[in-house]
Asks: 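Before we start, here is the structure in question, set down as structure tokens.
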Amino acid sequence: MRNRLSVGVLLCLYGVACSEGGGSHKSTTGGSGGGAQTSRAGAGRTGSTGNTNPSSGGSGGSSSHGSSQGGQTAGGTAAGSGGAGGSGGSSSNGSSQGGQIAGGTAADSGGTSQGAGGSGSASNHDAGQGGQAAGGTAGSNGGGGSSQPGGSSGGSQGGGGASGGAIAGGTGGVGGRITGGSGGGTQDAGGSGGLSTADPNVVAIVVDSGPQGSSAIDVAFATVTLCEPGSNNCQTIDHMLVDTGSVGVRVIESKVTLKLPAANNTSGKPLAECIPFLSGTSWGPVKLADIKVGGEMAANMRVHTVGTTTYPLPSDCTGTAINDSESLNANGILGVGPNTEDCGASCSRSTGNAGVYYECASTRAGGCAIAAASVANQVANPIAAFSVDNNGSFLQFPQPPVGGAPTLAGFLVFGIGTRANNQLGNAQVIPIDDYGEIVTTYPVGKTKYASFIDSGSNGYYFLSARVSNISQCTSGAFAGFYCPSSSTNLTASIAGKSGDIPVTFTVANASKFSVRNAALGELGAPLSGSFAADPTMPGFDWGLPFHFGKTVFTAIEGKDTSAGKGPYFAF
Amino acid sequence: MRINSLDRRSVRFVRWACGAGALVAVHFAASAHAALGDEVASVERDRVTMKATLRVSQHANYDVHELATEMGATVREFVGQDRKVFAVSWSGGWRPNLRNVLGAHYDRFIEATRGRRVPRGPVRLELPGLVVFMGGHLRHFYGFAYLSEQLPAGFVPETVE
């Protein structure tokens with residue numbers, strides 16, 4: 001417990017939400033706020049019902065709206081004061097309809113609090129409506145003297161549609177009241193479906209501006225817990241980019257406080273990896289960790305820790321460096337694409353090796369050299385390693401309002417057809433080829449383009465401006481994105497197993513977007529012009545906005561599903 | 001991207017090459033890539049480093065040297081009448097070593113992207129005399145770069161179909 005708590009405090013200092021702490025029932029030190037239990041409809045929390053209802057006392061208060069209607073904002077404020085340890089609060093929605101916002105704020109003031117801050121949380125009761133957003137915040141503070149900073153909050157692991165809340169770190173002040181904690185609970189979600197994070201395969205995810213100091217646009221984030229293999233030494237890492245365009249867990253090296261063992265190649269030497277992404281390249285050692293996401297766990301997995309601290313960047317690891325959270329705009333990546341490992345056979349053979357994996361004989365410059373790594377030694381998809389719900393996943397988001405929203409809550413759900421909550425239903429299967437690609441026809445019935453679906457791309461990337469005949473922004477934060485004079489509706493079709501599926505989408509003038517809005521449903525940009533008539537270059541990259549207002553499934557290669565073996569996409 | 005990627009690329013290439021120019025040389029049992037701005041002779045010099053098949057197709061005022069590597073990447077070098085590489089493109093399972101492909105222009109490219117917030121999408125960079133584009137996703141990467149002031153007359157770098 002002490003370990004866990006101190007890890008939490010440390011993480012908070014780094015600006016990483018400690019949502020496990022906030023969301024679990026384990027945290028007893030320092031006074032705990034409302035543990036973010038997930039409650040089913042009807043199982044309302046204790047606490048006053050009605051509007052904001054501050055309570056005082058050592059251990060938090062809670063306020064909840066009994067039943068609110070869509071579009072409302074429920075912000076409960078609970079103030080606890082005094083006592084040893086911080087106190088938290090919680091606010092919850094009893095049985096809320098889609099589209100609500102629940103933001104709980106808990107502030108406590110301490111006289112001489114010694115505790116490690118309070119933890120507070122907010123949770124939504126999932127009333128079967130799905131799509132609520134909850135963001136809890138907690139502030140802890142110290143009174144005079146010896147208090148410790150702390151106070152963490154997390155939209156709970158178990159919250160109805162929660163997102164990580166803000167971090168509030170109260171620092172010891174000179175008596176008086178310090179209110180830490182703010183934010184949280186700004187999602188705006190509709191959603192359908194009755195998904196509840198009470199189910200172990202359901203993970204609340206959120207589109208927001210990313211870790212502190214970031215300005216992410218159209219990037220979905222999840223919280224992931226890493227543990228030293230087989231131990232209870234764990235840390236939660238928030239703002240892990242949810243990416244169906246890559247495979248495996250990657251985390252920025254400097255965010256890792258655990259002592260994760262090196263993952264060795266069959267030679268016995270430690271492995272490192274130079275992995276390319278669309279826009280750059282990430283480098284760092286491969287380590288072993290248990291990975292927990294939502295209520296599911298993959299044991300002793302190979303994860304990529306990204307950074308140049310352990311091993312200097314090799315000269316043949318080329319491309320724009322994405323080796324810190326600033327350039328990544330995230331603390332790591334949760335790669336849940338359709339493959340079981342990130343590279344596959346191209347990295348395991350000795351001739352014609354892709355050059356992604358390295359063996360490191362020393363930590364000096366030049367100490368790492370490209371090496372073959374068997375498939376079993378590669379960074380792998382955690383979903384495929386779960387004991388259940390391991391054949392794929394889906395992402396579900398509501399459609400954000402026209403013009404966007406600061407945040408957007410959604411779900412990452414594991415398994416396809418393995419439980420009542422992850423059935424394919426009417427979703428149509430989209431076969432994918434060896435490149436993970438699909439076929440898009442645009443205009444409908446005319447030209448076919450190799451294409452891909454990628455939640456890690458932050459827009460609708462398609463065609464060249466010359467072909468789409470949509471002008472681009474020439475300056476500002478959205479330079480290069482499409483900037484049509486008025487919003488443009490487009491229809492393409494994606495080749496499904498049972499015929500073409502029309503996809504209608506809108507591209508708006510990006511220069512008109514508020515930079516405050518991290519969830520933009522109408523953001524588009526050119527992909528490329530086909531170079532010198534090269535037909536292999538894809539024409540459509542269906543990025544995150546494609547997932548808004550949809551449920552998009554990703555089936556993992558070789559895994560049986562209710563619609564046959566993966567890999568495939570479906571929506 | 002798995003084993004048969006090369007086949008797919010090759011098939012597509014043949015289709016394109018036959019339509020766009022004469023296919024003159026097939027299956028050099030050799031490999032490599034010359035860097036942007038280098039002499040065409042560097043293709044030969046680099047051959048040893050990567051096993052690939054080379055096809056050369058001739059066009060009116062430039063040649064295309066296409067290298068299909070065993071790792072599934074296809075690198076095309078566009079060579080002008082001055083025997084210098086004025087453009088490169090790549091496509092395949094994994095991104096080639098960009099230092100090799102961009103040659104002397106690599107540092108310029110990296111310098112220009114340094115400090116920029118990296119977007120979550122394809123990258124297009126236009127510098128004086130140099131255009132670089134790259135995109136892709138795990139197991140399929142592609143991109144191109146060209147010296148925009150050294151294109152042969154009539155060469156349209158980013159065309160449709």
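Every chain is numbered from 1 and lettered A, B, ... according to where its sequence line falls, protein lines coming before strand lines. We use all heavy atoms of the structure for the numbers below, so side chains are in, but hydrogens, waters and symmetry mates are not.
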Asks: What residue in A:Cys347, A:Ser457, A:Ala354 has the most heavy-atom pairs under 4.5 Å with chain B?
Replies: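 Option with the greatest count: A:Ala354.
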Asks: Is A:Leu544 close to chain B through its backbone or its side chain, or both, or neither, when contacts mean heavy atoms under 4.5 Å?
Replies: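 For A:Leu544, neither part sits under 4.5 Å from chain B.
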Asks: Do side-chain atoms of A:Tyr460 reach the backbone of A:Pro545 as a donor and acceptor pair under 3.5 angstrom?
Replies: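 Yes; judged by distance alone, with no hydrogens or angles, the pair exists.
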Asks: Would you say A:Asn381's side chain and A:Gly337's backbone share a donor-acceptor pair under 3.5 angstrom?
Replies: yes
Asks: Please check if the side chain of A:Arg250 supplies one atom and the backbone of A:Val247 the other of a donor-acceptor pair under 3.5 Å.
Replies: yes
Asks: Check whether any side-chain N or O of B:Asn61 sits under 3.5 Å from a backbone N or O of B:Ala153 as a donor-acceptor pair, and report yes or no.
Replies: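 Judged by distance alone, yes, a pair lies under 3.5 Å.
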Asks: Looking at B:Ser91 and B:Tyr142, would you say the former's side chain and the latter's main chain have a donor-acceptor pair under 3.5 Å?
Replies: no
Asks: Who among A:Leu241, A:Thr281, A:Asp218 has the most heavy-atom pairs with chain B under 4.5 Å?
Replies: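 Top count of heavy-atom pairs under 4.5 Å with chain B: A:Leu241.
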Asks: What part of B:Ile110 is in contact with chain A, defined as an atom under 4.5 angstrom from a non-hydrogen atom: side chain, backbone, both or neither?
Replies: side chain
Asks: Between A:Asn353 and chain B, with a heavy-atom cut-off of 4.5 Å, which part of the residue counts as in contact: side chain, backbone, both or neither?
Replies: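 For A:Asn353, the contact with chain B is made by the backbone alone.
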